[in-house]
Amino acid sequence: MNKIKIASFAGVFCALFMSVPSFAIDLSLNDAVEKIISESHDLKKANANLTKAEASLDAANANRWFKLDGSASYMNMVNVENPSESQKVELSPSMGGIIAEMLKGQSVAFEIPDNIFQAGLTLTQPIYTFGKIGNAVKSVRSAVKMAEKSQELTRREVRYAATELYWTAKMTEKVVTLAENDLKNARAAKRKLTSAGRANRSNLLKIESDIATKEINVSDAHFDRDTAYRMLKILAGIDVDEPLILTDDFPSDFSVLDAKKLTTTPQWEILNEQANMYERLARSQRANNYPTLAATASYTYSSMSGDIGHLFDKKGGQSASWGVALQMPIFNGGLNRANATIDAMNAEAARQDLAQAKKITTEQYNNAVRQYNHLRDNLASLENARNLAAKTYTLSQNRFASGQTSAVELAEVSAGLYQLDLALLNTKYKILMSAETVRKLGE
């Protein structure tokens, strides 16, 4: 008896354990946006471009400071006639004078050291470059600002795309519910038709056709939902096999949009800094036609010996110098002028792009505000029309069950209600995305 009880308890425990569903991941809109931003490759590239621009600024600023160069060299002079010996110069007694008297008929040979070592340091400090370095540094600073604004622009774009993807997935989820309810109502109408007795053949065929169509709608809705969910999981870094619950829902009402006048956007600032960058580069190119004034200093150490093993036995020679150098370009075939013209034209193109972007972006911003207000004002009327359609469908169902209306009329009323449900859902989606567009452009 105890064995039977133990076995029964084990069976119940196993059944309960096997019936526990796996926990789904709750994902809010803010969490989805943060996850997609952290996983965004575009934003990672924007961050890398900012780091690159900052490194370019360090490189440009390095030209302001002195340069210290070092050099070391070793040479061995080869005696061509006898490579194993060093070079020698002999003085004969016939040279006369005091040397001849001292030599008294003897010859003297002078050995030339064939091992030579030299090492030195050279320091150069720019003093005045007539804008070569200064304008180049300013142009790179503009490039850094462009990278910063590009990073902000990318972040806004990624946030907008994440929000759009989240609400799209939520909308497909709602469409699945609407399609399933529509199919459920059609099947219920068929049961009422067949349960009332011998059904009209035309009504039966019509409602069976509607059921087949609605089944396809449900299948399509499931496919769209699964596709949207997969894309959301991939971009958010979530395993595609993990069950997901979107916790945020479409709001029932929307507040007044606080949209201020559009004064600047990251895109405008990027184009403005791009124009500044090219203008400064043009000034830097023109400055290449002017001289460069720099302070210089150098130190040199040299040592010579006939034997490499004794190269550093004696103190070598040392020399040092300092001064001012003026480097003046004379002719370069018009290269600097041509480069300056190219940069100036690039700056003009950036100014034109900026003017065009202001027109287009301002219109996009204002249109998003108008769309938000327009859809928000019509939302109440659309909800009222949907509620009336729902009441009409209920009445049509009752009349159809009592044989007072045809399946064609019921299908038309059902289709009208389904379309209004979709229109209401789509309107809420557009209102949310209009607000997000205003936030992306004008935040």
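Predicted model only: the values in this text are computed from it and were never measured. Residue indices begin at 1 and follow the sequence shown. No hydrogens, no waters, no symmetry mates; every other heavy atom, side chains included, goes into these values.
Checked by atom type, the side-chain pair Ser321/Ser298 shows a donor-acceptor distance below 3.5 Å. Side-chain atoms of Arg351 and Asn276 include a donor-acceptor pair closer than 3.5 Å. Using modelled atom types and a 3.5 Å distance limit, the side chains of His374 and Asn378 yield a donor-acceptor pair. Gln352 and Glu348 are linked by a side-chain donor-acceptor pair at a separation below 3.5 angstrom, with hydrogens and angles left out of the test. A side-chain donor from one of Tyr429 and Thr168 sits under 3.5 Å from a side-chain acceptor of the other. Side-chain contact annotation: Glu409 with Ser396, donor-acceptor N/O pair under 3.5 Å absent.
The pair Lys174-Asp421 does not meet the salt-bridge criterion, since no charged nitrogen lies less than 4.0 angstrom from a carboxylate oxygen. With respect to the salt-bridge test (charged N to carboxylate O, under 4.0 angstrom), the residues Glu273 and Arg141 do not qualify. Ionic pairing of Glu152 and Arg155 is present here: one or more N-O contacts between side-chain nitrogen and carboxylate oxygen are shorter than 4.0 angstrom.
In terms of modelled atom types and a separation under 3.5 Å, the side chain of Asp31 and the main chain of Leu27 share no donor-acceptor contact. Side-chain atoms of Asn49 come within 3.5 Å of backbone N or O of Lys45 as a donor-acceptor pair. The main-chain N or O of Arg64 is found under 3.5 Å from a side-chain atom of Gln125 such that the two form a donor-acceptor pair. Using modelled atom types, one side-chain atom of Thr394 and one backbone atom of Ala390 make a donor-acceptor pair closer than 3.5 Å. With hydrogens and angles disregarded, no donor-acceptor distance shorter than 3.5 Å links the side chain of Tyr365 to the backbone of Ala259. No donor-acceptor pair under 3.5 Å is formed between the side chain of Ser209 and the backbone N or O of Leu205. The backbone N or O of Ala287 lies less than 3.5 Å from a partner atom in the side chain of Lys132, making a donor-acceptor pair. Using a distance-only test at 3.5 Å, with no hydrogens or angles considered, a donor-acceptor pair links the side chain of Lys233 to the main chain of Val240. Distance alone, capped at 3.5 Å, places no donor-acceptor pair between the Lys67 side chain and the Pro126 backbone. A donor-acceptor pair is defined here as one N or O able to donate and one able to accept, closer than 3.5 Å; no such pair exists between the side chain of Ser414 and the backbone of Leu410.
With sequence neighbours excluded, the residues satisfying side-chain contact (heavy atoms from CB on, under 4.5 Å) with Asn339 are Gln285, Leu335, Ile342. Annotation: side-chain contact (heavy atoms from CB on, under 4.5 Å) contacts of Thr124 (sequence neighbours excluded): Thr122, Ala294, Thr296.
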For Met146 and Gln274: C-alpha separation, side-chain torsions, deciding distance, then whether side-chain contact (heavy atoms from CB on, under 4.5 Å) applies. CA-CA 7 Å; Met146 288 172 57; Gln274 186 180 24; 3.9 Å; yes
Show the numbers, then the answer: is there a side-chain contact (heavy atoms from CB on, under 4.5 Å) between Ile238 and Leu244? CA-CA 9 Å; Ile238 302 173; Leu244 191 64; 4.3 Å; yes
Verdict with reasoning, Lys440 to Glu436, per side-chain contact (heavy atoms from CB on, under 4.5 Å): CA-CA 6 Å; Lys440 179 184 70 171; Glu436 192 63 28; 5.6 Å; no
Show the numbers, then the answer: is there a side-chain contact (heavy atoms from CB on, under 4.5 Å) between Leu262 and Trp268? CA-CA 11 Å; Leu262 187 63; Trp268 297 358; 3.9 Å; yes
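Side-chain contact check for Val175 versus Asp224: every heavy-atom pair is 4.5 Å or farther apart. Using a 4.5 Å cut-off on side-chain heavy atoms (C-beta onward), Leu417 and Arg386 make contact. Between Leu424 and Glu383 the shortest side-chain heavy-atom distance falls below 4.5 Å. Here the side chains of Glu148 and Leu50 are in contact, with some heavy-atom distance below 4.5 Å. Side-chain contact between Asn217 and Leu183: absent, with no pair of heavy atoms (C-beta onward) separated by less than 4.5 Å. Side-chain contact between Tyr160 and Glu164 is present, with at least one heavy-atom pair separated by less than 4.5 Å.
Counting non-hydrogen atoms of neighbouring residues, nucleotides and ligands closer than 6.0 angstrom, the CZ atom of Phe223 reaches no more than 12 such neighbours. The number of heavy-atom neighbours closer than 6.0 Å to CZ of Phe66, taken from other residues, nucleotides and ligands shown, is 12 or below. Within a 6.0 Å sphere centred on OH of Tyr290, heavy atoms belonging to other residues, nucleotides or ligands number 12 at most. No more than 12 heavy-atom neighbours from other residues, nucleotides or ligands sit within 6.0 angstrom of NZ on Lys184. The environment of Lys138 atom NZ is sparse: at most 12 non-hydrogen atoms of other residues, nucleotides or ligands sit within 6.0 angstrom. Within 6.0 Å of the NZ atom in Lys149, the count of heavy atoms belonging to other residues, nucleotides or ligands does not exceed 12.
Listed here is the closest heavy atom pair of Val158 and Ser40: CG2-OG, 3.4 Å. Of all non-hydrogen atoms in Ala147 and Ala53, the two that sit nearest each other are CB-CB, 3.9 Å. Nearest heavy atom pair, residue Asn30 against residue Asp248, reads N-OD2, 4.4 Å. In plain terms, the two heavy atoms of Ile207 and Ala407 that are nearest each other are N-CB, 4.4 Å. For the residue pair Leu420 and Ala389, the shortest heavy atom distance occurs at CD1-CB, 3.4 Å. Shown here for Ser255 and Arg376, the closest heavy-atom pair between the two residues is O-NE, 3.4 Å.
One finds the CD atom of Glu208 at 12.0 Å from the OG1 atom of Thr213 (value rounded to the nearest 0.5 Å). Interatomic distance, Thr362 OG1 to Gln364 CD, rounded to the nearest 0.5 Å: 9.0 Å. The CG atom of Leu232 lies 6.5 Å from the CG atom of Leu246; values are rounded to the nearest 0.5 Å. Note that CD of Glu34 and OG of Ser38 are 7.5 Å apart. Values are rounded to the nearest 0.5 Å. One distance of note links NZ of Lys206 with CG of Asp210; it measures 4.5 Å at 0.5 Å rounding. In this structure, CG in Leu432 is found 9.5 Å from NZ in Lys428, a value given to the nearest 0.5 Å.
The ring-ring contact (aromatic ring centres under 6.0 Å, His included) pairs that include a residue from residues 236-259 are Trp167-Phe250, where partners are two or more places apart or lie in different chains.
Between Tyr128 and Phe130, the distance from one ring center to the other falls under 6.0 angstrom.
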